[in-house]
Structure formats: C-alpha cells, structure tokens
Amino acid sequence: MSERYDFREIEQKWQKYWAEKDLFKTVEDDSKEKYYVLEMFPYPSGKLHMGHVRNYSIGDVTARYMKMKGYNVLHPMGWDSFGLPAENAAIKNGIRPDIWTHDNIAEMKEQLKSLGLSYDWDREVATCKEDYYKWMQWIFIQFYNKGLAYKKENAVNWCPSCQTVLANEQVVNGKCERCKTPVGKKDLSQWYLKITDYAQRLLDDLDKLPGWPEKVKLMQKNWIGRSTGAEVQFEIEGFDKKLDIYTTRPDTIFGVTCMILAPEHPFVKELVTEDHKADVDAFMDKLQYLSDIDRSATTLEKEGCFLGRYAINPLNGDRVPIYIANYVMMDYGTGAIMVVPAHDQRDFEFATKYGIKIVPVIQPEDPEIDVNNLKAAFAAEGTMINSGEFDGMNNKDAIEKIIQYMDEKGIGKSSVNFRLRDWLISRQRYWGTPIPMIWCDDCGWSPVNEEDLPVLLPKDVEFTGKGQSPLTTSKTFGKCTCPKCGKPASREMDTMDTFLDSSWYFLRYTDARNEEAAFDAKKANYWMPVDQYVGGVEHAILHLLYARFFTKVLHDLGLVEADEPFTNLLTQGMVLKDGSKMSKSVGNIVSPQEIIEKYGSDTARLFILFAAPPERDLDWSDTGVEGSYKFLNRIWRLVGEIIEKRDASVKPEVVSGDDKQLNFQLNATTKRVSDSLSKGRFSFNTAISAIMELVNEMYRYKETENANYSLLFDAAERMVLLLSPFTPHICEEMWQQLGHETSAYLESWPEYDESALLQDTVEIVVQLNGRVKMKANVASGISADEQKETVLAEDGVKALIGDKSIVKVVSVPERLVNIVVK
RNA sequence: GCCGGGGUGGCGGAAUUGGCAGACGCACAGGACUUAAAAUCCUGCGAUCCUUACCGAUCGUACCGGUUCGACCCCGGUUCCCGGCACCA
C-alpha cells in the first residue's frame with residue numbers, strides 16, 4: 001500500500017471499476033425486498049453547487065447502506081430539463097435551448113460522476129427529451145379525458161419579466177418566485193388542472209405519511225386551507241338574482257349590517273344604481289392601479305364604495321347596504337361576504353370607517369367587555385344575543401343550529417371551502433412540453449390522437465424575448481387538422497408548467513426505456529412508492545403537492561397501485577457560507593469542483609455529512625474540510641501500517657484487557673453506526689463520529705504492549721465496511737488492499753456481537769442529593785437493590801454520608817445511585 | 001397577526017428521550033520529532049474560585065418560575081432568532 005493517500009488515482013480507478021462492472025444497475029427481483037431511494041433531480045444549469053453535493057451525498061449513503069443491508073436498491077438520476085433559463089440563454093447568446101440543455105447535462109453528469117454516486121444511469125431521464133415528454137402529453141390527455149383538465153378565461157397572475165402566467169403557488173409575496181418581479185393580472189384563456197377535486201384527499205392522506213416531517217405536512221395543510229362554514233343566500237331589493245355568500249361564522253348572521261362584493265364580482269355592474277355609478281367607477285379605477293402586492297398587503301387601509309342597493313337578511317329581515325371593497329377577493333368562497341362588524345376585526349375597521357351599524361350578537365362571558373361600545377371586534381366565544389330564537393345559546397352550539405335552520409328554510413347550507421385553487425398550467429413559453437390539444441372552430445377542443453404523439457417542439461422558432469411565445473413564430477407548428485372532423489385546425493400554442501414534468505418522473509424511472517407506455521404497471525408496482533425521498537424544503541408545497549396529486553390521479557386511472565408517491569421524506573437544510581446562503585451576489589460560493597480537485601470527493605462527502613445533521617442548515621468551513629481530509633489520511637496510514645505489520649499466522653484472539661477493549665469498541669461502533677443509519681434516523685454526523693472514535697481506539701491499541709495485529713486487521717476490515725457508504729472510493733481501495741477481490745459495495749453490512757458489548761463491570765455514578773460525588777463499579781446485570789447495598793457498603797460512600805441521615809435512596813441499575821440525606 | 005421550529009463552550013455539534021452536560025471534529029495553547037517549516041504524534045482546552053501542587057468547591061444548556069430524589073429534556077410565563085401563511089370571510 002502506498003505511503004500517500006492519492007485520492008485522484010483512487011477515485012478515478014474506482015469510478016471506472018464501478019462503471020465497467022455495471023455495479024449500480026438494478027433490475028426487478030421478487031426474491032428481494034426493494035428499496036427505492038430518490039433525490040430530487042436537478043435542473044441542468046451546468047454547474048453543480050454544494051446543495052446538490054449535500055442532497056446526493058445523503059441519498060448515496062442511504063442507497064449504499066440499504067444495498068449492503070441486502071435490499072434491492074433503486075437509485076436513479078435524471079434531469080428536470082425544461083424551463084426558462086434555456087430560453088433565456090437562447091435570447092441572450094443565440095444558442096438553441098436544446099443544444100444548451102444537452103451540453104449542460106453532459107457537463108453536470110461528469111460532475112455527478114466525479115462524486116462517485118451509485119446511480120443506475122441506464123434509467124436516466126431528461127424531461128425535455130421526446131421519449132419523456134411524449135408520455136407527459138399522454139398523461140395530460142388522460143387527465144383531460146377524465147375531466148381533470150379544462151380551459152378557462154380568467155384574470156391570471158402575469159409576470160411581465162418572464163412574459164408568462166404563473167400558478168398561484170409560484171407567486172411569492174406578490175412577486176414571481178423565479179425573478180422576483182411584481183406580478184400583475186391579465187385576462188387570458190388558460191389550461192387548468194382540477195387539483196381542487198383532490199383537495200380533501202390530499203389533506204386527509206397526509207395522515208398516511210408518518211415518515212414525513214411534521215413541518216412539511218403542516219405547510220401543505222395550511223396551503224390546502226380547508227375551512228368549514230355555510231353558504232347563505234341573501235335576497236337583493238329590486239333584483240331577481242340572489243346573492244350567495246360564504247361564511248365560517250353562521251352564528252353571527254343576526255349581526256350582519258352590510259354586504260360586500262369583490263370588485264370583480266359579476267353582479268357589480270348590474271347592481272350599481274345610477275346615482276352611485278360615478279363613485280364606483282372612480283373606485284374601480286383606483287384599484288386598477290394597485291398591484292397584487294399592494295392589494296393583498298394587510299396594512300392596506302380597507303376601502304369600499306356603496307352600490308346604492310340593499311340586501312335582506314334572511315334570518316331577521318334587516319335591510320342592509322351593499323358595498324364593494326378592496327379586501328374582498330373574487331377567487332375565494334363566492335366572492336361576496338356578509339359583514340359583521342361586531343365580531344370580525346376587518347369588518348369592524350370597515351364599518352367604523354363608513355359609519356356602518358355595529359350590532360353585537362355574542363355576549364362575552366367576561367362582563368368587562370361592553371359589547372355596545374367596542375374598540376375592536378369581539379371574536380371569542382360567548383352567549384348569543386339579539387338573535388331571536390337562538391338567544392342564550394353558546395355561539396359554538398348555535399353554528400350548527402343556525403345551519404340546520406337555514407337548510408330547512410332553503411336559504412343556506414353547510415359548506416366547505418379550500419384555499420387551494422385549481423392549477424394553472426399554461427405557459428407562454430417555448431422550452432416546455434407542448435400541450436397536446438387542438439382547436440377546431442366546429443368541434444372545439446380535442447386531444448391529439450395517441451398515435452400522433454408526441455407533439456414535437458418545432459425548431460423553426462425565433463427567440464426575441466419580446467411579446468408572444470416563440471412557438472407562435474414557427475411556420476409549421478400551429479397548423480394541423482381536427483382529430484374529429486379532419487378540417488384544418490390549430491394547435492394549442494402554450495406549453496406546460498415544468499412542474500408537471502417533475503410530478504411523475506419517479507414513475508418513469510421504474511421503466512425509463514419503455515417505448516410503449518409511460519411505464520409498465522408491473523414494474524411501477526414493484527418499485528413504488530419511493531421509500532426515501534431527499535430534497536430541499538423549498539419544495540415542501542409546490543413539487544410535493546403536485547407529485548402527490550399526480551400519483552393519486554394515476555392511481556385512480558388504474559395505472560399504479562400506490563396513491564402516495566413518497567413514504568419517507570427527508571428535507572435537507574441549506575449549505576451556507578459565513579451564515580448566509582451561497583450566492584453570486586454575496587460572493588460566497590464554494591465550488592464543489594474546486595474542493596474535489598483539492599481534496600477529492602470522499603473528503604467533500606465526508607465533510608458535508610459530518611458537519612451537521614442533514615435536516616439542519618450547514619455552515620461551510622474550509623478548516624472543517626481540512627479536518628475531514630486529515631481523517632481520511634489518518635485511516636489510510638493506519639490501515640497501511642496494519643497490513644504491513646500483521647502476521648497472518650497469528651490468530652485474532654481476544655485475550656488481554658486491551659484486546660477486550662478494542663473488541664468492545666469495534667462492536668459498540670458497529671451498533672452505533674447501524675442505529676444511526678436505520679429507523680429513519682439519518683444521523684450521519686454521529687455515525688461518522690462513532691467511526692472516528694473507533695479509529696482513535698485502534699491507534700491507542702496498536703501502541704499497547706501486546707497489540708495483536710491480526711485482531712487489528714479484523715477491526716480494520718470492519719471499519720472500512722462501516723465507512724464505505726460515506727467515502728466509497730478510499731474504502732474500496734483499502735478493502736482491496738486488505739486482500740479482497742470483490743467490491744466492498746457487494747459485501748453485507750457488518751453485524752455486531754452482542755456478547756462483546758457486555759462488560760463485566762459497569763461504572764455508575766453516586767449522587768448525594770442529586771449531585772455527582774463519585775463513581776463506583778458494579779457487576780453488570782445487577783439488580784437495583786443489590787446495587788444500592790453494594791454502593792452503600794463502600795467506604796467512600798460512608799464517608800460521603802458522614803453523620804447525615806438517609807432520607808431516601810434511588811437506585812437505577814447500571815446507571816446511578818442517588819442518596820438523599822438530611 | 002396566525003401557525004410551526006429553534007436558542008447548549010471561541011465555532012460546527014453530541015447527550016441512548018428524565019439519570020456523569022459538552023461525545024466527535026474545528027480553532028487555540030503547550031510539548032515531542034525536525035537545522036527549520038509542513039506533515040505527524042502526545043497533552044490541555046465551559047466559567048469562577050481555592051490550592052505551592054495534588055485534591056477540590058461553586059456556577060453553568062436564552063431568561064424567570066414550577067414538577068421531580070434528579071430537568072438541555074416535562075409544565076407555565078418571558079424574550080430573541082429562523083421558516084411558512086397572511087385581508088381566506
């Protein structure tokens with residue numbers, strides 16, 4: 001074994017070996033239990049960053065460990081390769097998006113390979129390739145045929161910079177999640193997926209996911225935003241249509257003193273009276289100038305405008321004015337609300353400003369609050385007042401009673417509302433999956449016939465960065481014939497949101513080369529669901545919700561048995577430098593390539609796994625990397641020395657106390673590392689520290705008088721296997737040097753010897769009034785009483801107690817004895 | 001505002017979930033080796049105090065209080081930081 005740890009040579013050697021032996025190729029095998037490990041596939045920007053290194057290192061350790069544990073492991077990788085950056089590159093540099101993307105993929109793939117990740121590259125997918133997006137289109141058509149895709153004209157979120165619409169989920173604080181440009185509104189006819197049909201199931205089934213972080217489940221729960229209440233119909237004076245409102249507080253209906261419509265509500269134009277028209281128009285004009293951010297800001301003052309009309313409270317016959325106001329949104333509930341100033345803070349503010357009556361209908365228990373002279377709305381529990389036959393009830397109980405009453409009279413019914421909206425998937429972009437739909441003036445919309453798939457992206461397009469989507473510049477793309485009547489027709493010009501591509505890629509991996517179907521049900525059912533999914537928290541809502549939605553629809557279509565895609569989810573923390581996220585603008589980027597060139601990928605992997613628990617943010621430390629590198633050098637020298645000094649004719653027998661100590665440490669470490677990696681614990685950092693302790697013990701042992709190098713040799717073998725999922729290259733090399741001809745990857749995970757963990761005596765703590773005073777040795781397996789007697793009999797303990805009287809003695813076997821004295 | 005998560009040495013972080021707080025690593029200091037340096041190896045490393053030294057004492061897991069023989073861990077309150085949602089009726 002060479003003196004020096006030459007990571008360059010070693011890493012190249014073993015990467016080549018793995019590839020030549022096709023070691024990571026996986027096939028279905030019913031005789032073995034399967035384990036599907038998946039890391040979120042990257043967008044091929046061309047450059048790997050530390051977040052990727054972290055993400056894929058975590059997945060790789062898991063995959064390698066599970067493989068050694070005897071599972072049939074699926075560990076694939078691919079490219080989320082449609083998207084805006086490719087198109088921007090085309091505009092800026094004139095490079096075609098497909099060429100730019102393929103070059104980037106090639107470059108990034110090399111970088112990934114240099115990390116020594118155990119991927120089955122035969123299953124590689126790229127969402128921008130025809131063989132993938134063909135099936136994306138096919139899946140879209142299945143959605144359409146099932147009534148889950150529809151086109152609707154609507155005011156949509158429009159990013160003026162990206163020149164495209166955005167899904168609600170892609171608008172963050174009123175800004176585009178990609179480019180941070182304030183989002184505007186635009187009336188467009190767009191395709192939607194009916195995710196709202198699945199809202200309840202997406203919510204309920206979160207309970208089926210104990211392997212997900214509570215935090216992520218909660219975020220999804222809030223995003224879906226289920227609320228229960230009632231829909232109530234109000235008659236409008238001198239108007240034949242009834243006004244539907246949604247409320248979560250039907251118990252406050254007797255306190256309604258006003259109605260408010262969203263400014264976009266279809267009734268507004270019909271309702272406004274002549275003498276209020278000018279005011280309303282002026283108000284609407286003012287609203288137009290407000291962006292979505294301003295309009296949704298909580299700090300914005302509530303403003304409204306009277307329409308000149310009155311509605312009739314169906315429960316008490318009150319005549320109440322109808323307004324429009326800036327704080328009522330068209331796209332939640334029915335776009336109209338009843339106003340109860342006494343019991344809703346927003347309504348209270350509005351009523352105070354416009355001199356609207358405030359009628360309390362709930363009396364607080366606490367008499368200090370004067371309901372007739374409110375400073376703020378009273379939103380808590382209380383007793384019903386001013387509410388006719390419901391007076392005197394607790395308001396919580398009244399909710400149900402009032403709904404029941406309204407239901408009987410046909411004026412209202414209980415109703416559930418979700419915050420979740422349907423998913424707007426049309427994008428006015430080129431570099432995405434074409435939506436496979438055809439418009440015929442006679443037949444309307446039809447899906448492209450299956451045999452005509454894929455609808456290919458044309459190459460004769462121009463990238464100007466202005467106005468229309470580049471697709472519309474193609475001379476060939478738009479023209480087609482109607483699949484129904486054969487007359488000339490036109491194609492849908494929009495492409496799909498790239499989040500669709502990533503909503504089923506995990507299914508495609510199970511059968512990536514299938515040309516006849518999106519995936520074979522048998523293969524998908526063998527592998528699905530993904531046992532362990534690893535990725536950043538930033539996908540806690542969007543990607544993970546969409547992927548769950550897709551899986552449920554595909555399940556309902558009978559294409560796959562699983563109805564949840566990911567059994568266990570690990571959301572890894574960010575990689576920071578000097579306390580902030582690595583970014584170009586801050587100038588604190590550490591390039592993985594540089595680190596790999598300087599120290600090797602084993603060092604990079606070791607550091608990133610050791611420096612922090614995976615779900616926490618990790619602060620990059622150059623000296624920490626040095627430390628990891630030193631450790632690898634340390635074991636390299638140790639193993640080299642052991643190989644050199646070991647005499648194979650000497651038996652690895654445990655004789656002396658030092659032998660025992662080494663053997664104990666070896667087995668204790670095996671247990672600790674195994675425990676740290678299993679049961680969904682992912683304590684890579686503590687697993688590594690356990691191995692470091694073992695190495696320290698081996699160093700100590702080899703300096704002892706009768707050190708048995710055969711025993712050390714066995715320990716070295718075990719240590720190499722334990723470390724191999726973390727730093728595979730150096731471990732393969734050492735494994736070979738230790739005399740093995742096959743890969744360490746193919747070895748079984750080491751078992752530990754329980755009996756070696758049993759020691760004759762155990763050191764326990766002796767406390768006096770809960771304070772540690774001394775240590776004592778007791779026989780292992782001792783009973784609580786025996787231990788107590790043994791300890792109390794010791795001279796040191798007697799001296800400790802002195803002439804104080806013993807009140808109580810707590811004895812926990814093999815742990816401690818606590819003597820309480822007075 | 002609402003909902004989550006968190007606060008442990010100079011730093012990253014351990015602590016079998018109520019039982020020796022600070023494992024492991026980094027940084028730092030001292031020593032060995034060396035002409036010297038790097039590398040390596042050894043030792044020390046929470047604070048304060050006592051002692052010539054050995055030994056030891058007190059305090060210490062954001063802050064205040066509680067439960068318990070015993071609390072980083074459980075309960076109540078305060079505070080700061082991070083994340084999500086945010087006029088959702």
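So that the names make sense, note that chain A is the first sequence line, chain B the second, and so on, each numbered from 1. These figures come from a predicted structure and were not determined experimentally.
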Exercise. Answer whether the closest heavy-atom distance between the side chains of A:M698 and A:L638 falls below 4.5 Å.
Key: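 Yes - at least one pair of side-chain heavy atoms lies under 4.5 Å apart.
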
Quiz prompt | Note, A:I399 side chain near A:N395 side chain (heavy atom, < 4.5 Å) | solution =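 The answer is no, as the side chains (C-beta and beyond) never meet within the 4.5 Å cut-off.
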
Once hydrogens and angles are ignored, does a donor-acceptor distance under 3.5 Å link the base of [N] to the side chain of [X]?
X: A:N222; N: B:C85; result: no
X: A:K775; N: B:C20; result: yes
X: A:K808; N: B:C69; result: no

What is the distance from [atom1] of [X] to [atom2] of [N], rounded to the nearest Å?
X: A:D622; N: B:A27; atom1: CG; atom2: C1'; result: 13 Å
X: A:H343; N: B:A89; atom1: NE2; atom2: C1'; result: 15 Å
X: A:L816; N: B:U16; atom1: CG; atom2: P; result: 15 Å
X: A:K215; N: B:G5; atom1: NZ; atom2: P; result: 10 Å
X: A:N326; N: B:A86; atom1: CG; atom2: C1'; result: 15 Å
X: A:W620; N: B:C26; atom1: CH2; atom2: P; result: 15 Å
X: A:M259; N: B:A89; atom1: CE; atom2: P; result: 16 Å
X: A:E264; N: B:C87; atom1: CD; atom2: C1'; result: 14 Å

Assign [X] to base, sugar-phosphate, or nothing according to its heavy-atom contacts below 4.0 angstrom with the strands shown.
X: A:G333; result: nothing
X: A:S621; result: nothing
X: A:V820; result: sugar-phosphate
X: A:R4; result: nothing
X: A:N417; result: nothing

Taking the [atom1] atom of each, how far is [N] from [M], in whole Å?
N: B:U34; M: B:C41; atom1: C1'; value: 13 Å
N: B:U8; M: B:G22; atom1: C1'; value: 8 Å
N: B:G46; M: B:C54; atom1: P; value: 15 Å
N: B:A23; M: B:G12; atom1: C1'; value: 13 Å
N: B:C45; M: B:G25; atom1: C1'; value: 14 Å
N: B:G76; M: B:G83; atom1: P; value: 26 Å
N: B:U68; M: B:C63; atom1: P; value: 23 Å
N: B:U16; M: B:G6; atom1: P; value: 15 Å

Hey, could you give me the [atom1]/[atom2] distance between [X] and [Y], rounded to the nearest 0.5 Å?
X: A:I764; Y: A:E814; atom1: CD1; atom2: CD; value: 9.5 Å
X: A:D251; Y: A:I362; atom1: CG; atom2: CD1; value: 4.5 Å
X: A:R54; Y: A:M574; atom1: CZ; atom2: CE; value: 10.0 Å

Given [options], which nucleotide is nearest the side-chain atoms of [X]?
X: A:P613; options: B:U58, B:A14, B:C3; answer: B:A14
X: A:Y327; options: B:C87, B:U58, B:A89; answer: B:C87
X: A:R616; options: B:G13, B:C85, B:C69; answer: B:G13
X: A:L218; options: B:U16, B:A27, B:G4; answer: B:G4
X: A:V765; options: B:G19, B:C20, B:C69; answer: B:C20

Quiz item: Hey, what's the ring geometry for A:Y629 with A:Y5, parallel, tilted or perpendicular (30° and 60° as the breaks)?
Solution: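 Judged by the thresholds at 30° and 60°, the geometry between A:Y629 and A:Y5 is tilted.
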
Quiz item: Any idea how A:Y546 and A:W423 line up, ring-wise: parallel (<30°), tilted (30 to 60°), or perpendicular (>60°)?
Solution: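 Judged by the thresholds at 30° and 60°, the geometry between A:Y546 and A:W423 is parallel.
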
Quiz item: Between A:D658 and A:R700, does at least one N-O distance fall below 4.0 Å, as a salt bridge requires?
Solution: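 Looking at A:R700 together with A:D658, the answer is yes, because their closest N to O distance falls below 4.0 Å.
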
Quiz item: Which comes earlier along RNA chain B counting from the 5' end, the contact point of A:N769 or that of A:A611, where each point is its nearest nucleotide?
Solution: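 It is A:A611, whose closest nucleotide lies nearer the 5' terminus.
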
Practice problem: For A:G624 and for A:A336, find the nucleotide of RNA chain B with the closest heavy atom, then tell me which residue's nucleotide is more 5'. | Solution: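 Residue closer to the 5' terminus by nearest nucleotide: A:G624.
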
Quiz item: Between A:F350 and A:Y323, is the gap from one ring center to the other below 6.0 Å?
Solution: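 Yes, they do, as the ring centres are separated by less than 6.0 Å.
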
Quiz item: Is the glycosidic angle of B:G9 within 90° of 0, making it syn, or outside that range, making it anti?
Solution: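 That one's syn.
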
Quiz item: Base of B:U17 relative to its sugar, syn (within 90° of 0) or anti?
Solution: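 Judged by the O4'-C1' to base torsion, B:U17 sits in syn, the angle falling within 90° of 0.
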
Quiz item: Below 4.0 angstrom from OP1 or OP2 of B:C59, is there any side-chain N or O of A:R771?
Solution: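 For A:R771, the contact criterion (side-chain N or O under 4.0 Å from OP1 or OP2 of B:C59) is met.
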
Quiz item: Looking only at side-chain N and O atoms, does A:Y332 come under 4.0 Å of OP1 or OP2 in B:A89?
Solution: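 Indeed, a polar side-chain atom of A:Y332 lies that close.
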
Practice problem: State, without any angle test, whether A:R548 and A:Q220 hold a side-chain donor-acceptor pair at a distance under 3.5 Å. | Solution: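 The criterion, which ignores hydrogens and geometry beyond distance, is satisfied for A:Q220 and A:R548.
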
Between protein and nucleic acid, restricted to nucleotides 21-24 of chain B and to nitrogen or oxygen atoms under 3.5 Å apart, what atom pairs and distances do you find?
unit_1: B:A23; atom_1: O2'; unit_2: A:E693; atom_2: OE1; d: 3.3
unit_1: B:A23; atom_1: O2'; unit_2: A:E693; atom_2: OE2; d: 3.2

Practice problem: State which residues pass ring pair (Phe, Tyr, Trp, His ring centres under 6.0 Å) with A:W620; sequence neighbours excluded, sorted by chain then number. | Solution: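 By the ring pair (Phe, Tyr, Trp, His ring centres under 6.0 Å) rule, A:W620 matches A:F607.
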
Quiz prompt | side-chain hydrogen bond (donor to acceptor under 3.5 Å, both in side chains) involving A:R815 - partner list, sequence neighbours excluded | solution =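 Partners of A:R815 under the side-chain hydrogen bond (donor to acceptor under 3.5 Å, both in side chains) test: none.
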
Quiz item: Considering residues, nucleotides and ligands other than A:K353, do more than 12 of their heavy atoms fall under 6.0 Å from its NZ?
Solution: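 Count over threshold, so yes.
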
Exercise. At under 4.0 Å between heavy atoms, which parts of nucleotides 37-48 of chain B does protein reach? Answer with one letter per nucleotide, 5' to 3': B base, S sugar-phosphate only, - none.
Key: ---SS-------

Practice problem: Scan residues 329-345 of chain A for pairs that pass salt bridge (Lys or Arg N to Asp or Glu O under 4.0 Å), counting only residues two or more places apart or in two chains. | Solution: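 Those involving residues 329-345 of chain A are A:D331-A:R421, A:D344-A:R346.
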
Quiz item: Please, what dot-bracket string fits RNA chain B when only Watson-Crick and G-U pairs with both distances under 3.5 Å count, crossing ones use [ ] and pairs to another strand use |?
Solution: (((((((..(((......[....))).(((((.......))))).((((......))))..(((((..]....))))))))))))....

Quiz prompt | Closest non-hydrogen atom pair between A:H265 and A:L261, with its separation | solution =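 It is CB-CB, 3.9 Å.
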
